[in-house]
Engineer: 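Before anything else, here's the structure in question.
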There are 2 protein chains.
Amino acid sequence: MYSISDLAEEFGITTRTIRYYEELGLLKPARSEGGRRIYSSRDLARLKLVIRGKRFGFSLEEIKEMVLLFDEDRTGEKQLERTIEYGQEKLAAVNERICELVEIREEIERLLMDFKGRLSK
Amino acid sequence: MYSISDLAEEFGITTRTIRYYEELGLLKPARSEGGRRIYSSRDLARLKLVIRGKRFGFSLEEIKEMVLLFDEDRTGEKQLERTIEYGQEKLAAVNERICELVEIREEIERLLMDFKGRLSK
DNA sequence: CTTGTTCTTTACGTTAACGTCAATGGTATA
DNA sequence: TATACCATTGACGTTAACGTAAAGAACAAG
């Protein structure tokens with residue numbers, strides 16, 4: 001169990017940010033008797049997901065959508081199918097991103113080769 | 001040669017956005033006699049880079065830094081070394097991103113397997 | 001040459017994602 | 001129990017990245 005400043009330190013963000021994420025419905029930590037936030041390792045994992053999503057340029061609203069979909073109890077068959085469909089979409093998107101990044105990597109490598117060649121002349 | 005609305009349509013953004021990028025120094029299109037912006041295919045390529053950068057969660061300031069560094073005439077040896085160093089940093093960052101995305105892909109695949117398993121029961 | 005569309009600059013408005021107080025209350029430690 | 005620190009909820013402030021509207025000029029078509 002962690003306090004809000006534990007998480008803030010762990011992830012290098014401010015407590016304000018964490019409270020803001022809660023305000024948007026991205027986190028729902030338990031509370032102590034006195035009203036203080038208590039974070040489980042499950043909450044910690046979720047925050048990790050949120051921060052990772054941010055690094056990939058997703059808005060907090062988009063991240064919320066994803067996090068909630070993969071987190072709800074999916075009981076009905078319809079719900080399950082819907083989630084699988086969504087997951088497959090996301091999988092395709094991730095694959096596309098990977099391809100794009102590989103392209104970028106190749107471009108940078110080409111540029112570096114070029115510059116290094118000029119240097120050794 | 002393209003007009004501003006050509007580019008806007010091509011990339012699915014507004015003309016305001018394109019002018020804003022110019023305002024920040026990310027684009028420097030030629031002008032017609034009457035003062036209208038004229039974009040070359042080089043400008044088009046650069047805009048493509050900017051938009052790609054955005055999709056990966058970089059701020060316009062960060063993108064500017066990258067775009068300018070890889071675009072300036074690098075004459076001095078010091079400048080060249082500096083650029084190579086910067087390029088290597090960026091290369092490492094891109095590699096890290098790729099690794100992270102591969103991890104995400106694996107996670108999604110696991111989740112999908114799990115859900116599909118539940119469905120076929 | 002007129003008319004309609006596209007472009008220009010200028011300038012104020014908006015929204016997401018926080019930052020920064022301030023006033024107050026909980027909690028650990030000597 | 002006093003003290004020092006950490007947390008809570010407002011509430012207003014800030015910045016990046018545009019949106020939007022106005023007033024006027026450029027350009028293409030008839």
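Below, each value reflects all heavy atoms present in this structure, side chains not excepted, and no hydrogens, waters or symmetry copies. To find a chain, count down the sequence lines: A is the first, B the second, and so on, and within it residues start at 1.
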Engineer: Please tell me which of the listed nucleotides, C:dT8, D:dA7, C:dT27, lies nearest to the side chain of A:S32?
Structural biologist: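 Per side-chain heavy atoms of A:S32, the pick is C:dT27.
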Engineer: For residues 107-114 of chain A, tabulate all N or O donor-acceptor pairs below 3.5 Å that involve a side-chain atom, not counting sequence neighbours.
Structural biologist:
residue: A:E107; atom: OE2; partner: B:R52; partner atom: NH2; Å: 3.3
residue: A:D114; atom: OD2; partner: A:R118; partner atom: NH2; Å: 3.4

Engineer: At less than 4.0 Å, is any side-chain N or O atom of A:S3 found next to OP1 or OP2 of D:dC6? Yes or no.
Structural biologist: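 Answer no for this pair, as no side-chain N or O of A:S3 is under 4.0 Å from OP1 or OP2.
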Engineer: Whether the side chain of B:R55 engages the backbone of A:R97 through a donor-acceptor N/O pair (distance < 3.5 Å, no angle test) should be reported.
Structural biologist: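 The answer is no, because no donor-acceptor pair under 3.5 Å joins these two groups.
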Engineer: What nucleotide, of D:dA25, D:dC6, D:dT8, holds the atom closest to the side chain of A:R19?
Structural biologist: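 For the A:R19 side chain, the nearest candidate turns out to be D:dT8.
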Engineer: Which atoms form the tightest heavy-atom contact between B:G25 and B:R46, and what is the distance?
Structural biologist: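 Looking at all heavy atoms of both residues, the shortest contact is O-NH1, 4.3 Å.
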Engineer: Are there any protein N/O atoms within less than 3.5 Å of an N/O atom in nucleotides 16-20 of chain D, and if so, which ones and at what distance?
Structural biologist:
residue: D:dA17; atom: OP1; partner: B:L60; partner atom: N; Å: 3.0
residue: D:dC18; atom: OP2; partner: B:Y21; partner atom: OH; Å: 2.8
residue: D:dC18; atom: OP2; partner: B:K54; partner atom: NZ; Å: 3.4
residue: D:dG19; atom: OP2; partner: B:T14; partner atom: OG1; Å: 2.6
residue: D:dG19; atom: OP2; partner: B:T17; partner atom: OG1; Å: 3.3
residue: D:dG19; atom: N7; partner: B:R16; partner atom: NE; Å: 3.3
residue: D:dG19; atom: O6; partner: B:R16; partner atom: NH2; Å: 3.2
residue: D:dT20; atom: O4; partner: B:R16; partner atom: NE; Å: 3.1

Engineer: Answer yes when B:E103 and A:K48 have at least one side-chain N-carboxylate O distance shorter than 4.0 Å, and no when they do not.
Structural biologist: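 No, this pair does not count.
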Engineer: Give the rounded distance in Å between these two atoms: CZ of A:R31 and P of C:dG25.
Structural biologist: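 That distance rounds to 17 Å.
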Engineer: Would you say that more than 12 heavy atoms from the other residues, nucleotides or ligands in this model lie under 6.0 Å from the CD of B:Q88, or not?
Structural biologist: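 Count over threshold, so yes.
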Engineer: Could you pull out all residues at least two apart from A:K54 that satisfy side-chain contact (heavy atoms from CB on, under 4.5 Å)?
Structural biologist: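 Listed in chain order: A:Y21, A:L60, A:I63.
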Engineer: Could one point to a donor on the side chain of B:R36 or the base of D:dC27 with an acceptor on the other under 3.5 Å away?
Structural biologist: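 Donor-acceptor pair under 3.5 Å: no.
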